[in-house]
Engineer: 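My structure is below; once you've seen it, I'll send some questions.
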Amino acid sequence: MTSNEIKWLVEGYVAGTVPDYQMSAFAMAVYFKGMTTREISDLTMNMVKTGQEFDLSAINGIKVDKHSTGGVGDKVTLILAPLVASFGVPVAKMSGRGLGHTGGTIDKLESIKGYQVERSQEDFIRQVQDIGVSVIGQSDQLVKADKLLYALRDVTATVDTIPLIASSVMSKKIAAGADAILLDVTVGEGAFMKTVDEARELAQTMVDLGKAVGRKTVAVITDMSQPLGRAIGNRLEILEALEILQGQGRQDTTHFICELAQIMLGLADIEKTVEEIRKHLENGQALAKFEEMVAAQGGDLEDLYRPVNVAHVVDILAQESGVISALPAMEFGLYAMRLGAGRAVKSDDLDYETGIVFEKKVGDSVQKGEIVAKVYTNGKISSELVTEFQKYVKMNDRVQCLREIIEIIS
């Protein structure tokens, strides 16, 4: 397709002169035939122009942003944004909601009483100027073409194609106005990309798109074969984020987030070691920045620290002794969704309190009868609830360790 043809198609679809059945045919053609680099770039930039573009030039310094392609138990933004901001680097971030087995940062923040995810562009910019960080929901006025096209892809089985994923992600990141972007491209059982080769292709495509429009862009390919961290569930993930922000979280999760922070700081021309970054978790600087952000956006700091409020907490016990070899992220993401922690469709209501907390992760030894996880639910307690959970936990007699960051693409 020529550049003008792509421009005509995108503008016509938003205006309503190109009908759904024609755009469906286009999406299906892309699904089977792919697109050239130039076509993907044209599609992305024409999508950007169909909505509001944020101008962050009033904020001093290099503005950095981060995006994850989706995962289970992914509370990274909750920790990473204030951690990077605690070094004086402005973080102006728009995040999305969860759907299916993947969680959404905005849903987690909304579990804090009073937290405002909808802010005007002026308030958003002013807050970043004042305290260095803000995380808000994506504006309905941002990239209108993507909103329409994604809904169409969802019902025509054309979600899982790299050109359309890349243009969807990067059109929103470019429109959001940051100078530099870190892309967390997840791969594995709980991710959209199932193989490293697929993840590498998507990562390289998005990095090339960012660079083409003058944005410093780096992608990391990260493992999502097991849930990230200990908790799945909106309120539970807030509490785990607070643990990590106080320097008390699992060491593997903490180290992973510090590595991501190191890359983001590097994009802003600030070089720090992982150890120097970790100190901001241990000395309270990152936590103070998170509390400052929550308060600035109307959140109740007393409510922030309260424990979850559910009818039942169910202990899941190990059926045998050994080493946990697998905790399938997709299965546990869907399990948590059925508890009420996620949405099967966009209109579903969430139960912010429900979810799972793992006491053991892949590579950990466990004795028969020991607690592997706790299930937080407001539903009925049944043997099926426990049996289903236990069948997903895979045991072995040897330790298997997984690397979090598989590859970096810049």
Side-chain angles (χ1 to χ4, degrees), residues 1 3 5-18 20 22-24 26-27 30 35 38-57 63-70 77 92-99 102 104-106 117-122 124-125 134-156 158-185 192 202 205-215 217 219 346:
M1 296 175 70
S3 297
E5 285 170 341
I6 292 174
K7 181 175 185 288
W8 175 87
L9 181 71
V10 173
E11 289 179 352
Y13 187 50
V14 173
T17 55
V18 172
D20 277 351
Q22 289 285 15
M23 195 53 116
S24 297
F26 165 75
V30 172
M35 298 180 84
R38 194 267 307 159
E39 286 173 329
I40 299 171
S41 180
D42 284 343
L43 177 62
T44 302
M45 292 314 298
N46 278 287
M47 286 170 62
V48 169
K49 294 171 185 175
T50 63
Q52 181 182 27
E53 293 183 57
F54 275 51
D55 179 2
L56 305 182
S57 59
K63 282 72 70 178
V64 295
D65 196 358
K66 168 258 176 191
H67 176 80
S68 170
T69 57
T77 293
K93 174 151 178 56
M94 282 182 268
S95 291
R97 298 188 182 279
L99 187 62
T102 63
T105 298
I106 290 303
V117 299
E118 295 182 6
R119 307 295 292 275
S120 69
Q121 182 172 165
E122 293 75 19
F124 178 57
I125 290 171
S134 180
V135 180
I136 64 172
Q138 289 169 353
S139 167
D140 287 339
Q141 300 304 309
L142 202 75
V143 195
K144 294 179 182 178
D146 178 65
K147 187 176 181 181
L148 293 170
L149 183 55
Y150 193 91
L152 189 70
R153 288 165 56 205
D154 199 32
V155 295
T156 56
T158 53
V159 170
D160 188 15
T161 178
I162 285 173
L164 298 184
I165 294 172
S167 59
S168 174
V169 170
M170 291 308 293
S171 62
K172 287 178 288 196
K173 291 293 104 180
I174 292 166
D179 302 310
I181 304 163
L182 171 63
L183 300 164
D184 180 3
V185 181
F192 289 114
L202 175 59
T205 300
M206 293 194 294
V207 167
D208 291 344
L209 285 170
K211 287 183 173 180
V213 295
R215 309 296 170 90
T217 310
K346 288 183 180 179

Engineer: Restricting to non-hydrogen atoms, name the atom on I106 and the atom on S95 that form the minimum distance, rounded to 0.1 Å.
Structural biologist: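 Smallest interatomic distance, heavy atoms only, reads CG1-O, 3.3 Å.
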
Engineer: Should the pair D65-K173 be classified as a salt bridge under the 4.0 Å nitrogen-to-oxygen rule?
Structural biologist: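 Looking at D65 and K173, the cut-off is met.
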
Engineer: Would you say T105's side chain and T77's backbone share a donor-acceptor pair under 3.5 angstrom?
Structural biologist: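 Judged by distance alone, no pair lies under 3.5 Å.
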
Engineer: Looking at T44, L209, V10, L43, which one forms a side-chain contact (heavy atoms from CB on, under 4.5 Å) with S171?
Structural biologist: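 It is T44, the one option of T44, L209, V10, L43 that forms the side-chain contact (heavy atoms from CB on, under 4.5 Å) with S171.
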
Engineer: Applying side-chain contact (heavy atoms from CB on, under 4.5 Å) to Y13 and L152, what does each step give before you reach the verdict?
Structural biologist: CA-CA 11 Å; Y13 187 50; L152 189 70; 3.7 Å; yes

Engineer: Evaluate the criterion side-chain contact (heavy atoms from CB on, under 4.5 Å) for residue pair I6 and R38; output intermediate values, then yes/no.
Structural biologist: CA-CA 11 Å; I6 292 174; R38 194 267 307 159; 4.2 Å; yes

Engineer: Rounded to the nearest 0.5 Å, how far does CG of D146 lie from CZ of R153?
Structural biologist: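 Those atoms lie 7.5 Å apart.
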
Engineer: Evaluate the side-chain contact (heavy atoms from CB on, under 4.5 Å) criterion for residues S167 and M35: first the C-alpha distance (whole Å), next the side-chain angles of each, then the deciding distance (0.1 Å), finally the verdict.
Structural biologist: CA-CA 11 Å; S167 59; M35 298 180 84; over 6 Å; no

Engineer: Grab the two heavy atoms, one from L56 and one from A178, that are nearest each other, plus how far apart they are.
Structural biologist: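 Minimum heavy-atom separation between L56 and A178: CD1-N, 3.9 Å.
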
Engineer: So with a 6.0 Å cut-off around CD of E5, is the heavy-atom count from everything else above 12?
Structural biologist: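 Counting other residues, nucleotides and ligands, CD of E5 exceeds 12 neighbours.
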
Engineer: Shortest non-hydrogen contact from F124 to R119?
Structural biologist: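 Smallest interatomic distance, heavy atoms only, reads N-CB, 4.5 Å.
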
Engineer: How many angstroms lie between CG in L142 and CD in Q52, if you round to the nearest 0.5 Å?
Structural biologist: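 With rounding to 0.5 Å, CG (L142) is 6.5 Å from CD (Q52).
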
Engineer: What's the shortest heavy-atom distance between M1 and L9, and which atoms?
Structural biologist: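 For M1 and L9, the tightest heavy-atom pair comes out as CE-CD2, 4.1 Å.
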
Engineer: State the CD-CG distance between E11 and N46, to the nearest 0.5 angstrom.
Structural biologist: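 Going from CD on E11 over to CG on N46, the span is 6.5 Å.
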
Engineer: Using 0.5 Å steps for rounding, measure from the CD1 atom of I125 to the CG atom of D55.
Structural biologist: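 Between atom CD1 of I125 and atom CG of D55 there are 6.5 Å.
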
Engineer: Supply the atom-to-atom distance T69 OG1 to I165 CD1, rounded to the nearest 0.5 angstrom.
Structural biologist: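 Answer rounded to 0.5 Å: 8.0 Å.
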
Engineer: Identify the heavy atoms of V18 and M23 that sit nearest to each other, and give their distance.
Structural biologist: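 Heavy atoms of V18 and M23 come nearest at CG1-N, 4.4 Å.
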
Engineer: Work out which heavy atom in E53 is nearest to a heavy atom in Q121; give both atom names and the distance.
Structural biologist: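 What the structure gives for the nearest pair is O-OE1, 4.2 Å.
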
Engineer: Apply side-chain contact (heavy atoms from CB on, under 4.5 Å) to residues M170 and I181 and explain how you reach the verdict.
Structural biologist: CA-CA 10 Å; M170 291 308 293; I181 304 163; 4.1 Å; yes

Engineer: Can you check whether V159 reaches Y150 side chain to side chain, under 4.5 Å on heavy atoms?
Structural biologist: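 Heavy-atom side-chain distance check passes, below 4.5 Å.
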
Engineer: Just by modelled atom types, is the K66 backbone N or O under 3.5 Å from a matching donor or acceptor in the K93 side chain?
Structural biologist: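 Between the backbone of K66 and the side chain of K93 there is a qualifying donor-acceptor contact (under 3.5 Å).
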
Engineer: First locate atom CG of D208, then atom CE of M206, and finally report the distance between them rounded to the nearest 0.5 Å.
Structural biologist: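 One gets 11.0 Å once the value is rounded to the nearest 0.5 Å.
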
Engineer: Give a yes or no on whether the backbone of I174 and the side-chain of R215 come within a donor-acceptor separation of less than 3.5 Å.
Structural biologist: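 Confirmed, R215 side chain pairs with I174 backbone.
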
